[in-house]
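The structure under discussion appears below in the form of structure tokens.
For reference, positions follow the sequence shown, starting with 1. The analysis underlying the following values was restricted to heavy atoms, covering all of them including side chains, and did not include hydrogens, waters or symmetry mates. Only a predicted model underlies this, so the values are computations on that prediction, with no experimental measurement involved.
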Amino acid sequence: QVQLVESGGGLVQAGGSLRLSCAASGRTFSHYAMGWFRQAPGKEREFVAAINWSGGATYYRDSVKGRFTISRDNAKNTVHLQMNSLKPEDTAVYYCAQCYYSGTSSHDYEYDYWGQGTQVTVSS
């Protein structure tokens, strides 16, 4: 049984930073791509960032490029999302997800395991 546990969310002022972490267990972490998605109140879930199995390839939604960085540590079975220059529109519940294959994907239907989510709130 795969488990994904996010941490690191919280309340921050606009322009501030947060670092989200996701600890994975249950299958060989280094075989699978990982992603971060978010869902704001009243909106559909959207892709944020993805990283391939080795960490050698990453992919971001346009609105976070240059501000967010996804990384992974295969020795520790963790994936991180460093979020800088946060904006109020980044406010959402952020979810860690594990893809069912090794390459990056922005499609939520290609992720078969999800964490419980962590709240990020950016005040103006």
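Seen from the ring of Tyr95, Arg38 does not count as a face-on cation partner, given the 6.0 Å and 45° thresholds. Both tests pass for Arg72 against the ring of Phe29: distance under 6.0 Å to the centre and angle within 45° of the axis.
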Dump the intermediate steps for ring pair (Phe, Tyr, Trp, His ring centres under 6.0 Å) on Phe47 and Tyr60, then the final yes or no.
CA-CA 8 Å; Phe47 168 76; Tyr60 299 91; 8.2 Å; no
Taking it one step at a time, do Thr78 and Asp73 satisfy side-chain hydrogen bond (donor to acceptor under 3.5 Å, both in side chains)?
CA-CA 5 Å; Thr78 56; Asp73 184 340; 4.8 Å; no
Before you tell me yes or no, could you show the steps for Glu110 and Ser105 under side-chain hydrogen bond (donor to acceptor under 3.5 Å, both in side chains), namely the whole-Å CA-CA distance, both residues' side-chain angles and the distance that decides it to 0.1 Å?
CA-CA 7 Å; Glu110 293 185 325; Ser105 172; 2.4 Å; yes
Checking ring pair (Phe, Tyr, Trp, His ring centres under 6.0 Å) for the pair Trp114/Phe37: CA distance, chi angles, key distance, verdict?
CA-CA 10 Å; Trp114 295 79; Phe37 291 76; 4.9 Å; yes
Checking side-chain hydrogen bond (donor to acceptor under 3.5 Å, both in side chains) for the pair Ser21/His80: CA distance, chi angles, key distance, verdict?
CA-CA 4 Å; Ser21 296; His80 305 282; 2.9 Å; yes
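Judged by distance alone, the side chain of Thr28 and the main-chain N or O of Ser30 form no donor-acceptor pair under 3.5 Å.
Contact annotation: the side chain of Ile70 approaches that of Val79 to within less than 4.5 Å [non-hydrogen atoms, C-beta and beyond]. Between Met34 and Asn52, every side-chain heavy-atom pair lies at or beyond the 4.5 Å cut-off. Residues Ser17 and Gln82 meet the side-chain proximity criterion, which asks for heavy atoms closer than 4.5 Å. By the 4.5 Å heavy-atom criterion applied to side chains, Trp36 and Cys96 are counted as neighbours. Residues Ile51 and Tyr59 are not in side-chain contact: their nearest non-hydrogen atoms beyond the backbone lie 4.5 Å or more apart. When side chains are defined from C-beta on, Arg19 does not count as touching Leu81, because their heavy atoms never get closer than 4.5 Å.
In this structure, Pro88 and Ser124 approach most closely via the heavy-atom pair CG-CB, 3.8 Å. Nearest approach of Ala24 to Leu4, heavy atoms of both residues: CB-CD2, 3.4 Å. Taking each heavy atom of Gln116 and Val5 in turn, the nearest pair found is OE1-CA, 3.8 Å. A pairwise comparison of heavy atoms in Gln119 and Thr91 identifies NE2-CG2, 4.0 Å as the closest pair. The two residues Val120 and Leu18 make their nearest non-hydrogen contact at CG1-CD1, 3.9 Å. The minimum heavy-atom distance linking Met83 with Leu86 is given by the pair CB-CD2, 3.8 Å.
Between the CG atom of Asp90 and the OG1 atom of Thr121 there is a distance of 11.0 Å, given to the nearest 0.5 Å. A distance of 10.5 Å separates OH in Tyr111 from OH in Tyr100, rounded to the nearest 0.5 Å. Remark: Asp108 CG to Gln39 CD distance equals 10.0 Å, nearest 0.5 Å. Here Glu89 contributes atom CD and Ser63 contributes atom OG; the two are 8.0 Å apart, rounded to the nearest 0.5 Å.
Under a cut-off of 6.0 angstrom, the local environment of CD in Gln3 is sparse, with at most 12 non-hydrogen atoms contributed by other residues, nucleotides or ligands.
Clustering of Ile, Leu, Val, Met, Phe, Trp and Tyr by side-chain heavy atoms under 4.5 Å joins Trp53 with none of the others.
Residues Glu6 and Tyr94 bring no donor and acceptor atom of their side chains to less than 3.5 Å of each other.
Using a cut-off of 4.0 Å between Lys/Arg side-chain N and Asp/Glu carboxylate O, Lys65 and Asp62 are scored as salt-bridged.
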